[in-house]
Amino acid sequence: MNSITINDQRVFYLDFINPYLVKDLFFHERILFSFNSKLKYKSSRGYININPELRKEYNIYNENIVVLRIKYKNDIIQLISKIYKSGKIYIPLEILKHFSLKDSTTFFCDIINNEPVDNKKLGPNYLDLTKILSDLKIILRYNNFITLYKKEKIAITIPRYIQITPSLIEFFYLIHGDGHYKYKFYFVNKQKELHEFILNEFERVFYISREMFRAKLIVSNLNNYEELINYWCKDLNLTNNQFYRPSISKFNVCETGNLRIIIDKTIFSIIFQNLFEKIKTISLTNQSFYALNGLLAAEGGAEVVQNKGLHKITLSFNIKEKNMFELIILDLGLNYKIQKNNSFVISSWLDLVYFMNIYLQKDIIPMDLHPLRKRNLFLGFNNHRFTQTLKKYLFPIQNLSPITLKQYSPILNIREDSILRIVNNKKYVKYFIIQGNGKNRDPFRISISPEGLNFLTLISKVENIIKNDIAKN
């Protein structure tokens with residue numbers, strides 16, 4: 001049970017809601033009606049009643065869900081409750097025990113008025129959760145918030161309208177890759193930057209602040225457990241009392257431990273599942289770029305080989321995920337191989353060029369969520385020996401083309417036949433235009449093709465990102 005002080009009164013509540021939102025709703029929501037009722041017990045269950053006249057007057061029926069505020073001494077108890085037969089509202093055992101409530105205790109109660117139905121016209125990038133979460137009971141609240149209720153589950157209050165943004169798409173696919181949302185909800189990773197991104201998105205989109213999370217640290221041993229807890233708490237602004245007992249694992253655990261952040265309310269898993277299924281059916285501009293970015297942050301890799309640069313980009317999958325991942329990759333027109341039946345692999349240098357190009361042409365930074373993979377990707381691509389070779393041959397002639405081999409050779413300090421061999425190589429040929437037949441009257445003339453100019457633009461963007469972003473970190 002949580003509580004917050006409002007106007008010198010302590011307001012207690014059980015539902016999953018941002019404490020600042022509790023205060024905002026308290027000040028702005030209107031009372032539908034008030035009533036008095038004595039607490040009664042039946043088989044250790046405490047309940048109060050709304051009398052038939054009030055139920056009839058205010059159209060309160062069995063199975064309705066209401067926001068109830070009970071005034072008890074100088075405190076207020078707020079409940080999200082279902083109306084049962086004969087107008088009964090059961091008081092949770094946690095409340096009964098905390099306040100030591102006895103039979104025949106008189107309560108002064110308010111039922112909060114539902115907000116009117118809002119037929120707001122939404123843009124194409126917005127979702128109305130009341131139309132998606134039809135299997136949950138919904139209370140319309142002030143300022144377009146909704147409270148969602150399911151039998152035997154803790155109620156949750158979140159915004160009614162969700163805007164589908166690039167970061168939200170990355171958020172959902174990142175959680176799909178490194179989280180769980182079938183029966184409970186958690187996200188686990190060793191990268192603090194990914195946790196920070198997830199926590200920020202939760203607050204921005206769902207109004208779920210980081211203090212509402214629980215956490216568990218997965219470690220290989222308990223030797224420096226307290227130090228590790230302090231490390232994660234400091235970096236993510238968490239507190240020690242948010243942590244469950246640690247888990248011990250010998251599998252793939254880093255020195256600072258793997259952190260699992262948890263929403264231990266089943267109802268949010270239901271919300272996430274429904275929203276994710278809806279998002280997967282929507283066709284938004286550049287959606288596949290952001291979806292793949294989220295997956296690469298969770299299950300991806302940018303493998304670098306010393307002195308050779310970027311070797312390959314990988315994306316791991318299990319058999320249930322394969323089709324979904326493959327559709328995203330195909331939508332982007334990427335060439336790939338499947339390795340060991342558990343990874344998509346992009347390894348050809350030309351395919352790596354294409355991958356970098358389609359992202360940066362859209363001004364989307366690939367692997368932006370994962371600093372280490374992003375660093376490996378950009379530095380590895382820029383240092384790739386084929387990239388370096390093409391840069392060596394293109395940059396000197398970008399303002400001189402067309403240029404004869406005789407002119408080109410001293411600039412590069414390379415023999416003419418070696419230059420011809422490079423510019424005719426199947427990897428590089430599309431980046432050059434070669435004219436002439438090599439005879440005295442018609443010597444070979446070399447200029448940069450449109451693809452070559454595009455490559456120079458790509459390299460400029462890559463080097464700017466390395467200089468202004470990666471190098472600073």
Side-chain angles (χ1 to χ4, degrees), residues 289 302-313 332-337 346-367 374-472:
F289 287 92
E303 187 177 315
V304 176
V305 177
Q306 191 173 7
N307 300 324
K308 291 186 178 180
L310 182 63
H311 176 47
K312 60 185 177 182
I313 296 169
L332 295 175
L334 295 166
N335 291 321
Y336 63 90
K337 297 177 182 178
I346 301 171
S347 56
S348 158
W349 178 75
L350 288 174
D351 293 337
L352 295 172
V353 172
Y354 178 78
F355 174 87
M356 299 295 287
N357 205 32
I358 60 170
Y359 265 92
L360 295 182
Q361 278 184 340
K362 300 281 187 180
D363 292 323
I364 302 170
I365 300 178
M367 296 193 181
K374 175 182 170 183
R375 179 183 180 84
N376 287 343
L377 176 69
F378 279 83
L379 290 178
F381 177 75
N382 196 46
N383 294 333
H384 196 291
R385 60 191 179 95
F386 295 161
T387 304
Q388 289 295 316
T389 296
L390 191 54
K391 287 166 61 176
K392 178 180 178 180
Y393 278 77
L394 287 179
F395 275 118
I397 63 169
Q398 59 182 324
N399 298 317
L400 297 175
S401 55
I403 187 171
T404 65
L405 269 180
K406 188 174 182 179
Q407 295 169 317
Y408 202 4
S409 178
I411 292 173
L412 295 176
N413 196 26
I414 295 174
R415 293 199 328 256
E416 293 180 23
D417 61 327
S418 296
I419 294 175
L420 268 181
R421 189 169 61 253
I422 289 293
V423 299
N424 280 304
N425 185 289
K426 64 179 182 180
K427 287 189 293 292
Y428 307 126
V429 67
K430 70 177 182 178
Y431 300 106
F432 298 92
I433 297 173
I434 305 171
Q435 298 170 301
N437 58 21
K439 297 181 179 180
N440 289 335
R441 292 185 178 181
D442 190 17
F444 287 121
R445 298 178 303 282
I446 299 173
S447 57
I448 300 177
S449 70
E451 289 87 349
L453 293 172
N454 184 53
F455 181 82
L456 291 176
T457 300
L458 170 64
I459 291 302
S460 177
K461 290 180 179 180
V462 168
E463 290 179 342
N464 281 335
I465 290 169
I466 291 172
K467 177 182 176 182
N468 299 321
D469 187 357
I470 295 173
K472 290 180 180 179

Does some side-chain heavy atom of Ile459 sit less than 4.5 Å from a side-chain heavy atom of Leu394?
no

Nearest 0.5 Å please: distance from the CD1 atom of Ile448 over to the CG atom of Leu400.
9.0 Å

State the CG-OH distance between Leu456 and Tyr431, to the nearest 0.5 angstrom.
10.5 Å

Leu352 CG to Asn357 CG distance, which is reported to the nearest 0.5 Å
12.0 Å

Rounded distance [0.5 Å steps], CG in Leu332 versus NZ in Lys362
9.5 Å

Can you name the side-chain hydrogen bond (donor to acceptor under 3.5 Å, both in side chains) partners of Tyr336, sequence neighbours left out?
Glu326

Ignoring hydrogens and geometry, is there a side-chain-to-backbone donor-acceptor pair from Ser409 to Ile414 under 3.5 Å?
yes

Which pair of non-hydrogen atoms, one from Ile346 and one from Asn335, has the smallest distance, and what is that distance?
CG1-O, 3.5 Å

Side-chain heavy atoms of Gln361 within contact of Thr457, under 4.5 Å:
no

Euclidean distance, Glu303 CD relative to Ser347 OG, rounded to 0.5 Å
10.0 Å

Within the 4.5 Å heavy-atom criterion, are Pro402 and Ile433 side-chain neighbours or not?
no

Minimum side-chain heavy-atom gap Leu360-Ile465 below 4.5 Å:
yes

Write down the atom of Ala302, the atom of Asn376, and the distance for their closest heavy-atom approach.
O-CB, 3.5 Å

To check you understand the geometry: which heavy-atom pair defines the closest contact between Thr404 and Arg445, and what is its length?
CG2-CG, 4.1 Å

Residue pair Trp349 / Thr387, side-chain heavy-atom distance below 4.5 Å:
yes

With a cut-off of 3.5 Å and sequence neighbours excluded, list every side-chain donor-acceptor pair involving residues 377-385.
| unit_1 | atom_1 | unit_2 | atom_2 | d |
| --- | --- | --- | --- | --- |
| Asn382 | OD1 | Lys391 | NZ | 3.1 |
| Asn383 | ND2 | Leu379 | O | 3.1 |
| His384 | ND1 | Phe386 | N | 3.1 |

Quick one: does Lys430's side chain get under 4.5 Å of Leu350's, heavy atoms only?
yes

Looking at side-chain heavy atoms only, is the closest gap between Asn454 and Ser449 below 4.5 Å?
no

Test of understanding: with salt bridge (Lys or Arg N to Asp or Glu O under 4.0 Å), list the residues that count as partners of Arg415, not counting sequence neighbours.
Asp417

Between Tyr408 (side chain only) and Glu416 (backbone N and O only), is there a donor and an acceptor less than 3.5 Å apart?
no

Atom NE2 of His311 and atom CD1 of Ile313: how far apart are they, to the nearest 0.5 Å?
12.0 Å

Are any of the side-chain heavy atoms of Phe432 and Asn425 separated by less than 4.5 Å?
no

